[in-house]
Novice: 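My structure is below; once you've seen it, I'll send some questions.
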Amino acid sequence: MKDFESTNHQNRSVTDDGVYSVAINQFELAAERLGIDPGTRKVLSHSKRELIVHFPVKMDSGDVEIFTGFRIQHNLARGPGKGGIRYHPNLTLNHTRALAMWMTWKCAVTGIPYGGAKGGVICDPKQLSLTELERLTRRYASEISIVIGPGKDIPAPDVNTDAQIMSWIMDTFSMHLGYTVTGVVTGKPLEICGTLGRVDATGRGVMIVTREAAAKAGIPLQGAKIAVQGFGNVGYFAAQLLEQQGCTIIGVADSEGGVYKEKGIDTEGLKAHQNNYGKLTGYKDADTISPSDILEVPCDILIPAAIEGQIDSTNASKVQARLVVEGANGPTDQAADDILAERGITVIPDILANAGGVIVSYFEWVQDNQAYFWDIDEINAKMEAVMIKSFNNVSQVSEKRSVSMRDAAMLVAVERVSETMKRRGLYP
Ligand code: NAD
């Protein structure tokens, strides 16, 4: 299991309503600018389908507990729903709604033929044994099986869920139907038709957009100073791949604290230290830094790759980077966006910056559907091509309309979805 993350951990957090209103406000702004018709605006400011399930799980003690889970499909105009499954004690309906909406935009801005969805179960996986986790997952999969499927909605891992959980969902779904359906989830292990390149895909995508954005901003990648918040799947691979590009990783922090060293931190060594001691602090001769102070260190590029709600009106004026690349979903709120823009700091938004994962998930689904698997070079090259094309597209809109990269990404995404809806027409 991945490290359990608490959204209330440490110094910064946002409420579920806060996250949802950020998502709604971003959409409204784009819809207003695009002059989207009122009917389409109403449709897109609601989820299409929201399934809430309360289901029993037999615990190891023999007691039965009731858990609550969600699967929300924000919009399916462009294709089946796509989005992760999160296990978290603070998960709420509104939080899941926001995450589902962001998936619609993320798939649209990268041009992959999916709608947006998200799901999860309110639970603390750290308190569950492996057998309880399997029973919970299988029952949840069974409950949501009425809305998921390779042509309907394709879940994937998110916070506190992983390839093993995807295997159990795939197996449960297949048992219901009586035959193997690999394309019902992505992020599966290779042994059951997962894809090569998924594990580092999001971090690789972050590296690619960072490289493109740095070139555009005139920041030479060689020696560029980078600070990373979060050293999980996204943060670790982003840092490692950027280091390979010649960048200097000057600081890294996770939820417990982090390390800062102006001359640079070797990410492989830091990973080994984290594996050995379960923490980043204490690594070699680096200074200790708090999870929030990492956001304020002098650097060229800041990569928030932990959780949402990290940069807001209280600390945006203290960010000392020239470029912020959002590895995490929703790390910057609207007020912070405005402050950063005023200070001339470019933000590469989440729906573009962290889309590498969903792009390679899409490749996994394509490979599953055609039962033919590609090699790693083909996967990485295809992903890079989609990332660069999406980046250039958003950059052009940003320049043409004199708006931020976030606003431009939203304009591209919302326009694509609303055009699709217009073409399809309103049923009946
Ligand atoms: P993860 O669980 O592997 O790692 C999260 C990291 O963030 C851990 O190092 C954790 O300690 C750290 N963290 C948590 N709270 C923190 C805090 N308050 N301050 C500093 N560090 C903190 O998760 P991940 O898969 O790397 O995902 C990170 C973010 O990226 C999430 O927002 C997720 O939704 C988003 N994302 C992930 C993927 C993916 O493919 N994994 C794809 C797109 C977006």
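Residues: numbered from 1 along the sequence shown. Side chains are part of it too, since the values below use all heavy atoms of this structure and drop only hydrogens, waters and symmetry mates. Whatever order the structure lists them in is the order used to number ligands and atoms, beginning at 1.
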Novice: How about Q73 and D153: does a side-chain donor come under 3.5 Å of a side-chain acceptor?
Specialist: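 Indeed, the side chains of Q73 and D153 share at least one donor-acceptor pair under 3.5 Å.
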
Novice: Does S317 offer a backbone N or O that forms a donor-acceptor pair with the side chain of R343 under 3.5 Å?
Specialist: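 Yes, because the side chain of R343 sits within donor-acceptor range (under 3.5 Å) of the backbone of S317.
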
Novice: So for ligand 1, is K106 a polar contact partner (N or O within less than 3.5 Å, distance only)?
Specialist: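 Among all N and O atoms of K106, none is under 3.5 Å from an N or O of ligand 1.
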
Novice: Name the orientation class of the two ring planes belonging to W374 and F363 (parallel below 30°, tilted from 30 to 60°, perpendicular beyond 60°).
Specialist: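 The rings of W374 and F363 sit tilted, inter-plane angle from 30° to 60°.
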
Novice: Would you say S361 and R198 are linked by a side-chain donor-acceptor pair, where the criterion is simply a distance under 3.5 Å?
Specialist: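 There is such a pair (donor and acceptor under 3.5 Å, judged by atom type) between the side chains of R198 and S361.
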
Novice: Are any of the heavy atoms in E308 under 4.0 Å away from ligand 1?
Specialist: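 Flag not set, E308 not near ligand 1.
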
Novice: Would you mind running through ligand 1 and noting each atom that sits below 4.0 Å from a heavy atom of R198?
Specialist: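 In order of numbering, the contacting atoms are 40 (O).
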
Novice: Taking the minimum heavy-atom distance to atom 28 (C) of ligand 1, which of A328, A306, G230, G205 ranks first?
Specialist: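 Among A328, A306, G230, G205, the closest heavy atom to atom 28 (C) of ligand 1 belongs to A306.
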
Novice: For atom 42 (C) of ligand 1, state which one of V159, T202, N233 supplies the nearest heavy atom.
Specialist: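 Among V159, T202, N233, the closest heavy atom to atom 42 (C) of ligand 1 comes from T202.
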
Novice: Using distance alone, determine whether S255 and ligand 1 share an N or O pair under 3.5 Å.
Specialist: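 Yes, since at least one N or O of S255 sits under 3.5 Å from an N or O of ligand 1.
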
Novice: I'd like to know whether CD of E268 has more than 12 heavy-atom contacts from other residues, nucleotides or ligands below 6.0 angstrom.
Specialist: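 Enclosed: over 12 neighbouring heavy atoms sit under 6.0 Å from CD of E268.
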
Novice: Could you tell me which atoms of ligand 1, counted from 1 in the order shown, lie closer than 4.0 angstrom to a heavy atom of R86?
Specialist: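 Listed by number with element, the hits are 34 (O).
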
Novice: Hey, does P291 come in under 3.5 Å of ligand 1, counting only N/O atoms on both sides?
Specialist: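 The answer is no, given that P291 and ligand 1 share no N or O pair closer than 3.5 Å.
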
Novice: Answer yes if the side chains of E256 and T281 hold a donor-acceptor pair under 3.5 Å, and no otherwise.
Specialist: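 Side-chain D/A pair, E256 to T281: absent.
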
Novice: Checking N75 against T104: is there a side-chain donor and acceptor pair closer than 3.5 Å?
Specialist: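 There is no such pair between these side chains.
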
Novice: Say whether N94 and T92, considering side chains only, have a donor N or O and an acceptor N or O under 3.5 Å apart.
Specialist: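 The answer is no; no qualifying pair exists.
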
Novice: Which option out of L280, N329, V206, L99 puts a heavy atom nearest to atom 35 (C) of ligand 1?
Specialist: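 Looking at heavy atoms only, N329 sits closest to atom 35 (C) of ligand 1.
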
Novice: Determine, considering heavy atoms only, which of D158, N354, V360 sits nearest to atom 43 (C) of ligand 1.
Specialist: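 The nearest heavy atom belongs to N354.
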
Novice: Looking at A305, which atoms of ligand 1 are within less than 4.0 Å of one of its heavy atoms?
Specialist: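 Answer, ordered by atom number: 28 (C).
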
Novice: Say whether F231, considering both its backbone and side-chain N or O atoms, lies within less than 3.5 Å of an N or O atom on ligand 1.
Specialist: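 For ligand 1, there is an N or O atom that lies under 3.5 Å from one belonging to F231.
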
